[in-house]
Amino acid sequence: MKIEIRKAKLSDINNLAVLKQQVWISTYATEGLLDEFSRYVLSEYSVGNVKQSIQNTDSMTLLANYKNCLVGCVEIILLPQRPIKEIEPCIEISTFYILEEFQNKGIGKKLLAECLKSIKGMNFDKIWLTVYYKNQKAIEFYSRQKFSLIGETDFVLGNDKHKNYIMLKQIEK
């Protein structure tokens with residue numbers, strides 16, 4: 001499977017917004033849609049917000065394309081943050097989404113490798129992310145890529161808290 005990895009462009013905003021919406025819903029709305037889920041997705045992954053994130057110089061979005069069609073994305077925040085107080089500030093992967101049909105085909109691994117290559121070029125040696133604690137496929141993927149579980153945090157949506165794991169990876173020199 002020939003996958004092209006490249007930086008997102010403004011011409012990608014519609015497809016990127018829909019990809020993020022679709023993957024978020026299939027990952028988190030496992031028991032159906034709640035109004036708070038729909039409001040969040042329509043707001044967070046609106047075309048306007050996706051456009052802003054592509055234009056934001058404090059983040060970088062890489063896309064995975066197959067036959068000129070968008071199948072995945074990774075977004076990193078370039079301003080170092082501290083996931084927990086015991087860890088020095090480092091780069092965050094804020095979004096890592098692959099369409100379900102394209103999972104388990106090596107696309108995520110290739111997208112992550114390109115992401116790590118970019119970060120290493122900026123002289124960072126660690127990267128962190130959060131993952132929904134019930135998303136076993138993602139947790140297993142990150143573990144295979146040598147991310148370690150270092151803590152927990154809550155993703156607050158409406159009045160509900162959703163437990164997420166914090167995972168960290170040392171970037172090899």
Side-chain angles (χ1 to χ4, degrees), residues 3-24 27-28 40-65 70-99 102-103 106-132 135 138-139 141-157 162 164-173:
I3 300 298
E4 174 200 11
I5 307 294
R6 63 171 176 79
K7 276 187 153 182
K9 305 178 288 196
L10 286 179
S11 59
D12 297 312
I13 59 175
N14 291 325
N15 288 337
L16 187 53
V18 171
L19 177 131
K20 287 180 173 185
Q21 292 172 7
Q22 194 280 327
V23 174
W24 196 95
T27 301
Y28 300 102
Y40 174 81
V41 167
L42 291 171
S43 171
E44 184 69 19
Y45 302 129
S46 69
V47 170
N49 277 356
V50 170
K51 180 180 180 181
Q52 277 185 322
S53 74
I54 289 173
Q55 292 175 321
N56 185 349
T57 57
D58 294 332
S59 67
M60 178 176 64
T61 303
L62 297 175
L63 305 180
N65 286 307
L70 181 62
V71 298
C73 71
V74 62
E75 186 172 332
I76 57 175
I77 298 173
L78 300 173
L79 299 174
Q81 299 176 46
R82 178 172 282 159
I84 57 175
K85 64 183 176 187
E86 296 83 7
I87 302 291
E88 66 211 39
C90 51
I91 299 293
E92 177 189 5
I93 293 177
S94 61
T95 304
F96 194 99
Y97 290 163
I98 306 291
L99 288 172
F102 293 89
Q103 293 176 6
I107 297 168
K109 190 174 179 179
K110 188 170 182 177
L111 195 54
L112 182 61
E114 193 61 36
C115 173
L116 296 176
K117 182 176 159 187
S118 296
I119 292 166
K120 195 189 305 187
M122 296 176 219
N123 294 319
F124 290 101
D125 62 354
K126 292 183 193 74
I127 190 160
W128 67 279
L129 53 81
T130 61
V131 59
Y132 184 46
N135 190 347
I139 294 165
F141 169 78
Y142 296 130
S143 294
R144 284 191 309 273
Q145 305 311 310
K146 299 188 169 91
F147 279 82
S148 301
L149 179 64
I150 62 165
E152 295 180 1
T153 189
D154 288 321
F155 173 71
V156 179
L157 188 59
H162 303 273
N164 279 246
Y165 293 139
I166 302 169
M167 299 184 82
L168 179 78
K169 177 179 175 63
Q170 291 286 138
I171 300 173
E172 298 168 6
K173 299 280 177 185

Side chain to side chain, [X] and [Y], heavy atoms closer than 4.5 Å:
{"X": "Pro89", "Y": "Arg82", "result": "yes"}
{"X": "Leu62", "Y": "Lys7", "result": "yes"}
{"X": "Ile93", "Y": "Met167", "result": "no"}
{"X": "Phe147", "Y": "Ile127", "result": "yes"}
{"X": "Phe96", "Y": "Phe141", "result": "yes"}

Looking at every heavy atom in both [X] and [Y], which two are closest together, and how far apart are they?
{"X": "Ser46", "Y": "Leu42", "answer": "CB-O, 3.3 Å"}
{"X": "Leu157", "Y": "Trp24", "answer": "CD2-CH2, 3.9 Å"}
{"X": "Val47", "Y": "Asn14", "answer": "CG2-OD1, 3.6 Å"}
{"X": "Ile77", "Y": "Ile91", "answer": "O-CG2, 3.4 Å"}

Item to check | Where at least one partner belongs to residues 12-21, residue pairs that pass salt bridge (Lys or Arg N to Asp or Glu O under 4.0 Å), sequence neighbours excluded | outcome: Arg6-Asp12, Lys20-Glu75
Checklist entry - Do other residues, nucleotides or ligands put more than 12 heavy atoms under 6.0 Å from Lys51 NZ? => result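 No - once you tally the heavy atoms of other residues, nucleotides and ligands closer than 6.0 Å, there are 12 at most.
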Next on the checklist: Is it the case that the side chains of Tyr45 and Tyr97 hold a donor-acceptor pair, with the cut-off being a distance below 3.5 Å and no angle test?
Outcome noted: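 The answer is yes; a qualifying pair exists.
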Mind checking what makes side-chain contact (heavy atoms from CB on, under 4.5 Å) contact with [X], not counting sequence neighbours?
{"X": "Glu86", "answer": "Ile84"}
{"X": "Asn56", "answer": "Asp58, Ser59"}
{"X": "Ser148", "answer": "none"}
{"X": "Val18", "answer": "none"}

Next on the checklist: Can you tell me how the ring of Tyr132 sits relative to the ring of His162, calling it parallel under 30°, perpendicular over 60° and tilted otherwise?
Outcome noted: perpendicular
Table please: side-chain donor-acceptor pairs of residues 108-116 below 3.5 Å, with sequence neighbours left out.
residue, atom, partner, partner atom, Å
Lys110, NZ, Ile3, O, 2.7

